Every structure is written in C-alpha cells, then in structure tokens.
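First comes the structure, then the notes that go with it.
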Amino acid sequence: MEDLLKMGGESLLVETLVTLSTSNAPTPLLADSVVAVSTLYKNAISISDLSLCEKALGILMELSTSSDESLQRKSFFGINAIVSHFRPMAERFIEKDGIRLVEQGILSEDLERKKKALLLYSNLLAQFPTQPALSTSNVCSQAMQDLTSVEWESQYALVEAYLNLLQ
C-alpha cells in the first residue's frame, strides 16, 4: 500500500472517484472506485497531506445517500475507514453534519446498515467523548426501541452492536 502511495496512487484513485461521481458512470464502476479508495485509506500507514482524503470523504458522504443500496453500503464502509483512521477527518465529518448520516443509518430498517452506523458512532464517541453533536436523542431513542422490540435469538448481532457501543 505504501508503494502505491509513493507512486502517486492516492491522487489517481481519488481523482478517478471524483470523475466517476460527477459523470454518468455506470454504478458498478463507481462502486469499484469507492472500494479502491476505501481500501487505500483503510490500509494506509502514513498520509501527511489529508487534502485528497478530505475530498474523498466529501464524495463518500454524498454517495452514502445514493438510491443504490450497494453504493450506500460501500460508501459508508469508506467513511468508517477514513473517520476511524484519521482524527482530522473525523473532525471534518462532524463539521460537515455527518452525524445526520449516522442517524439515518441507525434509524434504518437494514440490520447491516444499522450495525455499521453503530460502529461509526462508537468510533466517533471514542475519539470525541464530549462532542455535543454526538449526543443525539435519535440514536438513544432508536436504541431503546430496538432493544425492547427485538427477539434476542434472531437479532443477536444487533444487540451485540449496541453492547459494543455501550462499552
């Protein structure tokens, strides 16, 4: 991964994502670009200039509200990789009202999306325990609804995700 960065791969991958997201590119091609950028940032050891990362984060935030569920999931994975790996990007995520995306994920009926949103919320809380934007009543309200209405045996993964959040 570090060799890819040294050869200018970060710029190539992010600019490809920018181009594909602003054109009428086929969704599978755009999704592949999202995965490539997400993998780059998830596995990068050291990136000193975060300007390209910030650009990628902005695009991923836009794509996370796409009508294509696969693209939503992949974008959310990328956001989680960037936000959990780079604290300045977590700050930018909060500044750009990213908490709204987390709330939408937690309020979703899709169990996988809900679990990923809880993981992201947990990562953000660990980094910013006193951040007022993270003290949302929607998350707490949804947690109570989910935990009081689930069948424990069939929804163990959801219960486990909430327990991880509480830790």
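On a predicted model such as this, the values are computed, not experimentally measured, just so you know.
Between Lys74 and Val35, the closest heavy-atom pair is CD-CG2, 3.7 Å. Ala44 and His85 make their closest contact through O-NE2, 2.6 Å (heavy atoms, listed as atom of the first residue, atom of the second, distance). Heavy atoms only, all atoms of each residue included: Ser38 and Gly78 are closest at OG-CA, 3.0 Å. The two residues Phe76 and Leu120 come nearest to each other via the heavy atoms CZ-CD2, 3.8 Å.
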Q.
One pair to check against side-chain contact (heavy atoms from CB on, under 4.5 Å): Phe93 and Leu124. What are the steps and the verdict?
A. CA-CA 10 Å; Phe93 179 77; Leu124 289 168; 3.7 Å; yes

Q) Taking it one step at a time, do Ser33 and Leu13 satisfy side-chain contact (heavy atoms from CB on, under 4.5 Å)? A) CA-CA 7 Å; Ser33 181; Leu13 290 174; over 6 Å; no

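Taking 4.5 Å as the limit, some side-chain heavy atom of Leu30 sits within range of a side-chain heavy atom of Leu17. Put simply, the side chain of Phe77 does not reach to within 4.5 Å of the side chain of Ile82, judged on heavy atoms. In this structure, Ser64 and Gln72 have side chains that are not in contact, with every pair of non-hydrogen atoms separated by 4.5 Å or more.
Hydrophobic clustering (side-chain heavy atoms under 4.5 Å, transitive across Ile, Leu, Val, Met, Phe, Trp, Tyr) keeps Leu12 apart from Leu40. Side-chain heavy atoms closer than 4.5 Å link hydrophobic residues (I, L, V, M, F, W, Y) into clusters, and following such links, even through other members, never connects Leu125 to Leu119.
Here Asn123 contributes atom CG and Ser84 contributes atom OG; the two are 5.0 Å apart, rounded to the nearest 0.5 Å. Separation of atoms CD (Glu62) and CG (Leu57) is listed at 10.5 Å; rounding is to 0.5 Å. Rounding to the nearest 0.5 Å places OG of Ser108 at 5.0 Å from CZ of Arg113. Here Ile59 contributes atom CD1 and Ile79 contributes atom CD1; the two are 11.5 Å apart, rounded to the nearest 0.5 Å. If you take CD1 on Ile99 and CD on Gln104, they are separated by 11.5 Å, rounding to the nearest 0.5 Å. Taking CD1 from Ile47 and CZ from Phe86, the interatomic distance works out to 4.0 Å, rounded to the nearest 0.5 Å.
Counting only residues at least two apart or in different chains, salt bridge (charged side-chain N to carboxylate O under 4.0 Å, His left out) contacts with residues 36-61 comprise Glu15-Lys55, Glu54-Arg92.
Ionic pairing of Glu103 and Arg100 is not present here: no N-O contact between side-chain nitrogen and carboxylate oxygen is shorter than 4.0 angstrom.
Contacts of Ala25 classified as side chain to side chain contact (heavy atoms under 4.5 Å, CB included), with partners at least two apart in sequence or in another chain: Leu20, Ser23.
Side-chain contact of Glu10 with Tyr41: a donor-acceptor pair under 3.5 Å is present, judged by distance alone.
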